[in-house]
Amino acid sequence: TMRKVSWNQGTFTITSYGNGTAYTITEVGSSFSAHIQGEDAAAWRTEYDASDKHDRVQRFLRDTIADYGTPEDVFA
């Protein structure tokens with residue numbers, strides 16, 4: 001079975017699948033989300049780990065959804 005771990009980061013929930021082979025980022029209380037896998041997931045995790053300040057992480061997660069979310073999920 002694929003390991004699944006979720007944690008909250010401010011107004012977002014991040015779920016890691018398969019020890020970081022994929023991630024789903026969801027904004028709590030909305031339908032905005034993005035799914036990232038493979039090389040994109042590895043690059044994303046490196047950037048996420050570098051975003052150590054709370055407001056930088058929140059901005060980074062919003063940008064992730066804007067970049068990787070489906071068109072109906074992207075912020076207006």
Side-chain angles (χ1 to χ4, degrees):
T1 42
M2 183 181 290
R3 184 169 183 220
K4 175 180 160 185
V5 177
S6 295
W7 67 96
N8 292 325
Q9 179 68 55
T11 60
F12 295 87
T13 299
I14 302 166
T15 303
S16 170
Y17 301 92
N19 201 28
T21 59
Y23 293 92
T24 298
I25 299 91
T26 304
E27 186 174 30
V28 177
S30 79
S31 62
F32 298 123
S33 66
H35 182 78
I36 306 166
Q37 62 187 20
E39 290 179 13
D40 287 339
W44 179 87
R45 184 58 193 243
T46 300
E47 289 184 57
Y48 172 78
D49 288 342
S51 300
D52 56 353
K53 298 221 178 341
H54 175 75
D55 36 333
R56 282 183 54 201
V57 172
Q58 294 294 295
R59 192 171 326 116
F60 174 69
L61 293 172
R62 282 187 173 271
D63 290 347
T64 296
I65 289 176
D67 292 344
Y68 291 95
T70 56
E72 63 270 11
D73 291 341
V74 176
F75 300 104

- Would you call the rings of Tyr23 and Trp7 parallel, tilted or perpendicular, where under 30° means parallel and over 60° means perpendicular? perpendicular
- Query: What do the steps show when you test Thr26 against Thr15 for side-chain contact (heavy atoms from CB on, under 4.5 Å), and what is the final call?
  - Reply: CA-CA 8 Å; Thr26 304; Thr15 303; over 6 Å; no
- Phe60 and Trp44: side-chain contact (heavy atoms from CB on, under 4.5 Å), yes or no, with the steps? CA-CA 10 Å; Phe60 174 69; Trp44 179 87; 3.3 Å; yes
Looking only at non-hydrogen atoms, find the nearest pair between [X] and [Y] and report the distance.
{"X": "Thr13", "Y": "Val28", "result": "OG1-CG2, 3.4 Å"}
{"X": "Thr21", "Y": "Ala41", "result": "O-CB, 3.6 Å"}
{"X": "Ala34", "Y": "Ile65", "result": "CB-CA, 3.9 Å"}
{"X": "Ala22", "Y": "Gln37", "result": "CB-CB, 3.8 Å"}

- Note, Thr11 side chain near Leu61 side chain (heavy atom, < 4.5 Å): no
- Query: Are any of the side-chain nitrogens in Asp49 or Arg45 under 4.0 Å away from the carboxylate oxygens of its partner?
  - Reply: yes
- Item | Interatomic distance, Thr64 atom OG1 to Asp40 atom CG [nearest 0.5 angstrom] | 10.5 Å
- Note on the structure: OG of Ser33 to CZ of Phe12, rounded to nearest 0.5 Å, is 11.0 Å
- Message: Could you go through Tyr17 and Thr24, starting from their C-alpha distance and side-chain angles, then the distance that decides it, and tell me whether this counts as side-chain contact (heavy atoms from CB on, under 4.5 Å)?
- Response: CA-CA 8 Å; Tyr17 301 92; Thr24 298; 3.3 Å; yes
- Donor-acceptor contact present, side-chain Arg62 to main-chain Glu27, <3.5 Å: no
- Check step by step if side-chain contact (heavy atoms from CB on, under 4.5 Å) holds for Ile36 and Ile25. CA-CA 8 Å; Ile36 306 166; Ile25 299 91; 3.8 Å; yes
